[in-house]
Amino acid sequence: MDYLLEDLNDPQKEAVTHRDGPLLVIAGAGSGKTRVITRRIAWLLAHGVDPRRILGVTFTNKAAREMAGRVEEALPGVRIRLSTFHSACAAFLRRSAPALGFSSDFTIYDTSDRDQLLKSLMKERGVDPKEHRPSQIGAQISSLKNSGVLPTDPEFHQSESIHYVVRRIYEPYQEALRANNAMDFDDLLLKFLRLLQNNPEEKAAYARRFDYLLIDEFQDTNKIQYDIVKLLASEHKNLCVVGDPDQSIYSFRGAVLGNILSFPRDFPGTKVIRLENNYRSTANILAFAQGVIARNRLRYEKVLRPVHGEGEPIGFIEAADGSEEGTLVGHKIRRLLDQGVDPREIAVFYRARFLSREIETCFKNLGIPYRLVGDLGFFQRREVKDLLAFLQVCANPLDRVSFERCLNVPPRGIGQVSRRLLMEEAAREGLPPAEFLRRGMIVPGVRGKAKRGFLEFGKILEEAAGRSLETVQGTLRLFLERTNYLNEICRTGSWEDVDREENVGELLRDAAEFDKRWEELSEQYPDHSPVSAYLAQVSLMTDQEERQADSASVQLMTVHASKGLEFDHVFIVGLEEGLFPHSRSMDDLEGLEEERRLFYVAVTRAKKRLFLCRAERRRGFDGGFHPQQPSSFFQEGRQQLGGGGDPWVYEEDSGELPEFAVGDWVRHARFGEGSIQTVIGRGRNTKVEILFQGGIRTLLVEYAKLEKVEGA
DNA sequence: GGAAGAGGACTTTTT
DNA sequence: GTCCTCTTCC
Ligand SMILES: Nc1ncnc2c1ncn2[C@@H]1O[C@H](COP(=O)(O)OP(=O)(O)OP(=O)(O)O)[C@@H](O)[C@H]1O
């Protein structure tokens with residue numbers, strides 16, 4: 001099994017073969033930390049350690065899957081599951097839920113469920129949700145939880161700095177969660193920690209449950225996570241953590257750099273290993289990255305040497321506005337693709353999610369295949385959330401947030417007033433409203449459409465319950481058929497309806513997939529119906545990676561989502577003051593330095609080629625343009641790299657372009673026939689607005705491959 | 001009393 | 001674009 005060590009350098013070997021006791025690998029970007037973790041897991045497995053006694057934790061689902069893949073690559077035939085902190089804690093809590101006053105199939109609320117609940121609690125207490133946005137209040141509650149403060153703790157009442165709305169709402173919020181048999185993301189960590197702290201038997205049991213703990217991206221753990229880790233490792237101290245203080249980019253989630261720095265003190269006898277070769281990037285890219293990060297003052301210095309040669313210079317792309325930025329990036333990518341570059345080796349990063357829109361539009365027009373990584377999209381889509389809310393109500397009738405969401409979907413005549421009457425009547429009967437309706441009980445004072453609506457909804461619930469939620473797909477289909485959902489929702493016959501239908505189909509497929517695997521999965525979910533197990537799984541999946549993982553597309557993602565990944569060609573867009581670094585982080589040194597770390601992360605993802613991009617103006621939400629100053633990061637690139645002229649020049653080659661005039665009929669491969677509404681610009685930059693059946697599109701003539709339709 | 005459509009406010013980063 | 005509230009019709 002020495003082959004497991006073959007492609008490792010000496011310090012890596014030392015880390016991988018380190019047997020027992022605390023181990024800290026602290027090293028810069030691209031130095032092979034992740035390789036250490038995955039190889040170490042393989043090494044342990046190869047030496048007879050039971051995979052169930054290893055707990056490997058990463059930060060995102062994506063990273064967990066990727067790393068599991070690498071272990072299986074190194075050790076064919078083996079199967080191992082790596083977790084995120086949240087999924088591991090959720091799984092533990094499901095076993096211990098009754099002790100905490102929850103049933104084991106409790107619901108997990110995502111951020112929008114949380115805000116929904118907060119909103120209704122605020123309204124009940126006469127707090128205007130417009131004056132204090134639920135999401136803001138929720139964010140503050142979240143950061144309290146991430147520093148370990150519950151409303152029942154004395155600190156909560158003593159602290160002066162807590163907003164009065166938070167002060168009023170936090171405790172009712174926790175009570176409501178419990179009444180709904182629900183936890184939010186932060187509860188998953190905090191409640192598990194409290195369970196260990198307050199319960200010596202549980203603590204002892206969990207401290208013996210694993211023999212080896214391995215944690216990637218340790219610089220981004222928060223206090224709660226570290227406390228959990230300490231307790232899990234308290235008996236054997238076989239704890240291997242890996243990280244890079246310069247890549248700490250989650251302080252908004254409570255991450256504390258202190259964790260990785262104080263690790264050797266917290267675990268006396270820690271073996272500290274440094275990795276000092278960068279295997280990922282060209283020397284040019286690495287030198288730039290190090291110049292960038294060297295300007296931070298709060299820093300733990302490390303050595304990092306390039307292994308590769310100088311490589312190509314860094315490129316700069318400066319555009320007049322956001323859409324030109326997208327087009328220029330698209331042009332460049334198109335050329336790379338034409339040279340035979342694998343689209344999966346190209347990535348576009350942005351600081352803020354909304355920047356992806358403009359890029360997407362341009363890529364669509366240019367026909368560049370792309371994929372949005374970590375897109376919240378799918379599970380946040382209206383129709384998907386509606387359907388999941390229905391499943392949620394079936395599985396957990398106490399969940400009022402989901403109940404309120406799907407009660408009147410599709411519209412069945414139930415409004416504000418009938419809703420209130422139902423709640424009051426159900427409360428009088430001492431039943432959750434969902435249960436009240438399921439029994440077919442009547443709400444006095446409600447007649448006509450609303451009355452029928454209640455009865456109908458109750459009947460669907462009853463029928464679903466009658467089938468004991470045995471298959472996810474069956475339960476969904478029941479809802480779809482009884483409500484005629486698709487027809488109700490897709491009435492307008494427009495563009496988006498097709499999407500909606502597809503999303504529903506996608507969910508059904510996903511559900512069917514889960515049903516098929518239920519037999520092997522069921523042991524992971526004790527006391528769960530298939531439906532509640534499905535929900536348990538889905539509510540921790542915030543992305544839809546797997547569905548499209550193999551598509552040959554350019555990858556679009558936030559810088560945060562790029563952590564731990566690598567690509568041959570990287571474009572960082574939106575390098576403008578206020579955007580990246582973001583204005584909300586520019587007030588203090590810590591904020592600015594974190595932006596710089598974030599930029600460092602972005603830069604160090606690139607293996608061969610890096611492009612820094614900015615626009616001179618950008619459209620605001622009102623549609624007007626705002627001038628944008630180049631980001632200091634962009635300027636540093638310019639300076640460090642000698643101002644380097646303009647490596648980005650249009651090539652005046654390709655032959656003639658067809659000319660179009662307003663009113664011409666044209667045919668497009670994908671959008672069909674349409675008429676030209678507007679012609680913008682000249683020559684290679686000509687854009688046309690075309691009215692197709694599905695709506696108006698703006699296309700670049702050069703790439704749209706439009707055909708004139710004569711005699712229309 | 002409800003539904004559908006118009007108009008306003010708001011967009012950092014994630015589990 | 002999206003989410004939410006307010007208005008206008010049924
Ligand atoms: N000893 C080695 N020899 C050659 N290549 C290596 C070696 N170790 C790692 N690599 C390669 O270097 C690249 C970076 O490795 P890895 O992702 O493990 O680094 P990392 O330290 O986790 O990076 P980051 O912190 O930036 O995410 C990968 O392509 C990996 O395959």
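In what follows, chains are A, B, ... by sequence order, proteins preceding strands, each numbered from 1.
Ranking B/dT14, C/dT5, B/dT12 by closeness to the A/Arg351 side chain, first place goes to B/dT12. In the set C/dC4, B/dG1, B/dT14, C/dC4 carries the atom at the smallest distance from any side-chain atom of A/Lys119. Set against B/dT15, B/dA3, B/dT12, the side chain of A/Pro411 has B/dA3 as its closest nucleotide. Listed nucleotides: C/dT5, B/dT13, B/dT15. Nearest to the side chain of A/Thr558: B/dT13. Of the candidates C/dG1, B/dT15, C/dC6, the closest approach to any side-chain atom of A/Phe185 belongs to B/dT15.
Taking the ring axis of A/Phe567 as reference, the NZ or CZ atom of A/Arg605 does not stay both within 45° of it and closer than 6.0 Å to the ring centre.
Applying the salt bridge (charged side-chain N to carboxylate O under 4.0 Å, His left out) criterion to A/Arg584, with sequence neighbours excluded, gives no partner residue.
Remark: A/His582, A/Arg584, A/Ser585 in residues 576-586 of chain A come within less than 4.0 Å of DNA chain B through at least one heavy atom.
Contacts of A/Asp186 with the nucleic acid, taken as non-hydrogen atoms under 4.0 Å apart, are absent. Residue A/Thr111 is classed as a base contact, given a heavy-atom separation below 4.0 Å to a base. As judged by a 4.0 angstrom heavy-atom cut-off over every strand, A/Ile414 is placed among residues touching the sugar-phosphate backbone only. Within 4.0 Å of A/Phe85, counting heavy atoms only, lies no atom of the nucleic acid at all.
Taking a centre distance below 5.5 Å and an interplanar angle below 30 degrees as the stacking criterion, A/Phe252 stacks against the six-membered base ring of B/dT13.
In terms of position on DNA chain B, the residue among A/Arg412 and A/Ala352 whose nearest nucleotide sits closer to the 5' end is A/Arg412. Where A/Leu598 and A/Lys449 meet DNA chain B, the nucleotide closest to each residue was compared, and A/Lys449 sits on the side nearer the 5' end.
Checking the phosphate oxygens (OP1, OP2) of B/dT14, a side-chain nitrogen or oxygen of A/Arg353 falls inside 4.0 Å.
Each salt bridge (charged side-chain N to carboxylate O under 4.0 Å, His left out) pair with one or both residues in residues 81-92 of chain A, not counting sequence neighbours, would appear here, but there are none.
Side chains of A/Gln628 and A/Glu576: a donor-acceptor N/O pair is present below 3.5 angstrom, by distance only. Defined by atom type and a distance below 3.5 Å, a donor-acceptor pair is missing between the side-chain atoms of A/Tyr525 and A/Asp105.
Remark: A/Arg125 CZ is packed, more than 12 non-hydrogen atoms of other residues, nucleotides or ligands lying under 6.0 Å away.
We find that A/Lys145 and A/Asp187 are joined by a salt bridge, their nearest charged nitrogen and carboxylate oxygen being less than 4.0 Å apart.
In this entry the distance linking CG of A/Leu422 with C1' of B/dG1 reads 16 Å, nearest Å. We find that NZ of A/Lys563 is positioned 10 Å from P of B/dT15, with the value rounded to whole Å. When the P atom of B/dA4 is taken as reference, atom CD of A/Gln416 falls 16 Å away, rounded to whole Å. The CZ-P distance, from A/Arg253 to B/dT12, rounds to 17 Å in whole Å.
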